[in-house]
Amino acid sequence: MADRDRNKKVLLDLAKQRDNSCCADCGAPDPDWASYKLGIFVCLNCSGTHRNLPAISRIKSIRLDYWDDDLVEFMKTNVFYYRPQQQDCVVLREQWIRAKYERQEFTGENNHLQDVYCSGLYEGTLWKKGRDNKQFMKRRFILSEKDFTLKYFTKDDETKGPKAVIAIKDLNAVFQPEKIGHLHGLQITYLQEEHTRNLFVYHDSGQEIVTWFNAIRAVRFSYLKTAFPTADDNELLPWITRSYLKEGYMEKTGPMQREPFKKRWFILNSKDRKLLYFKTPLDAVELGAVFIGTESHGYSVRESQPKGTRGNKWKCGVTVETPDRQFVFMCEQELEQKEWVEAFRQVISRPMIPQDYNTEANMRRRHK
């Protein structure tokens with residue numbers, strides 16, 4: 001009875017996770033049936049269809065039926081595998097459908113196909129944009145769970161050592177097809193000497209680039225479980241990879257607000273609470289960063305039309321107050337102004353967690 005209750009709780013917790021909280025087929029909320037052959041959660045209505053397709057699926061109620069330990073373990077195995085949302089790019093949605101139905105990677109018989117994500121070691125060749133030019137060159141990458149690193153090499157001879165050794169600790173990956181100019185474009189970011197560094201890569205094969213994405217997520221998930229052993233999967237999943245809340249051009253002036261405005265590309269990361277800015281969208285290294293805390297800690301945002309500014313071509317102002325200084329930005333259109341203000345308010349309204357205080361302190365030391 002203890003095993004039955006434990007397994008039921010595990011399944012109910014899995015069903016609450018964002019990727020499982022809607023029916024995998026029709027999108028209905030709070031599914032309480034699951035296919036232990038496909039590894040998906042479905043609603044009552046769709047469960048009937050699954051029952052009529054025994055060659056493809058096997059179905060059980062997560063509340064009423066008995067689940068063996070091995071079936072529960074199978075349902076838990078792939079929590080890191082990214083399941084696309086409606087707004088995600090084409091390659092993510094296409095490869096999810098192909099993995100689910102064409103390759104049937106989530107069936108019990110084909111579970112071995114997921115070893116490529118879970119082995120802890122993945123290597124291959126990706127096209128990588130040069131740091132100081134727009135040219136993409138083939139580079140060999142090695143992802144390792146053993147030392148939690150991603151390395152890439154400029155030469156085929158790996159005895160000469162990697163060009164870069166990137167710690168998984170601060171790594172993020174997000175698909176950026178429009179920015180990179182390729183349907184399979186992936187942006188990888190990491191910290192190097194407290195500055196955010198970008199790698200822009202792609203692969204001609206959609207399956208291969210999504211495999212890289214999920215392999216990165218698997219190693220990131222393993223790192224997070226090691227770094228935060230008491231946290232449950234629900235707490236860790238949002239931190240595996242993080243999409244950006246808002247990106248785009250704004251004009252920025254200096255701390256005295258008498259310096260000429262300069263056009264910069266901004267990225268607001270909600271999870272990390274950072275506003276990064278670059279000269280262009282494809283810059284390798286950020287020019288600067290602003291931490292966005294909460295209102296109770298002295299952070300706020302408002303639409304503004306500051307007087308006395310000079311050099312600005314755009315007229316729709318956004319003012320961000322921090323404990324250390326006031327930042328004034330200009331947007332080209334009112335719609336963009338309102339979108340930026342709303343994005344900042346979303347971050348400011350979210351409570352800070354212990355890691356945020358460390359990030360804030362480190363960034364304050366950096367700017368002193």
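Hydrogens, waters and symmetry mates are skipped; everything else that's a heavy atom, side chains included, is used.
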Testing the basics here: between [X] and [Y], what is the closest heavy-atom pair and its distance to 0.1 Å?
| X | Y | answer |
| --- | --- | --- |
| C316 | E334 | SG-N, 3.6 Å |
| L121 | S119 | O-OG, 2.9 Å |
| W340 | E247 | CZ2-C, 3.9 Å |
| E251 | W314 | OE1-N, 3.2 Å |
| V91 | G206 | CG2-CA, 3.6 Å |
| D283 | T280 | OD1-OG1, 2.6 Å |

I need the [X] [atom1] to [Y] [atom2] distance, nearest 0.5 Å.
| X | Y | atom1 | atom2 | value |
| --- | --- | --- | --- | --- |
| L64 | K8 | CG | NZ | 7.0 Å |
| K274 | N269 | NZ | CG | 8.5 Å |
| D65 | W33 | CG | CH2 | 6.0 Å |
| D356 | I292 | CG | CD1 | 12.0 Å |
| R217 | L237 | CZ | CG | 7.5 Å |
| D30 | L44 | CG | CG | 13.0 Å |

Looking at [X] and [Y], would you say the former's side chain and the latter's main chain have a donor-acceptor pair under 3.5 Å?
| X | Y | value |
| --- | --- | --- |
| R98 | R103 | no |
| R242 | S270 | no |
| T253 | F261 | no |

Determine whether the side chains of Q326 and E321 contain a donor N or O and an acceptor N or O closer than 3.5 Å. yes
Name the one of F213, W212, Y82 that satisfies ring pair (Phe, Tyr, Trp, His ring centres under 6.0 Å) with F175?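 Between F175 and the candidates, ring pair (Phe, Tyr, Trp, His ring centres under 6.0 Å) is satisfied uniquely by F213.
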Within 6.0 angstrom of [X] [atom1], more than 12 heavy atoms from elsewhere:
| X | atom1 | result |
| --- | --- | --- |
| E193 | CD | no |
| E235 | CD | yes |
| K163 | NZ | no |
| E178 | CD | no |

Just do the side chain to side chain contact (heavy atoms under 4.5 Å, CB included) check on R197 and R131 with the steps written out, would you? CA-CA 10 Å; R197 176 73 190 272; R131 171 176 171 153; 3.9 Å; yes
N-O pairing of K9 and D5 below 4.0 Å: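 No.
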So that I know where these two stand, are F200 and H182 an aromatic pair - ring centroids less than 6.0 Å apart? no
Working note: K60 + L71, criterion side chain to side chain contact (heavy atoms under 4.5 Å, CB included); need CA distance, chi angles, decisive distance, verdict. CA-CA 11 Å; K60 279 178 177 283; L71 295 182; 4.0 Å; yes
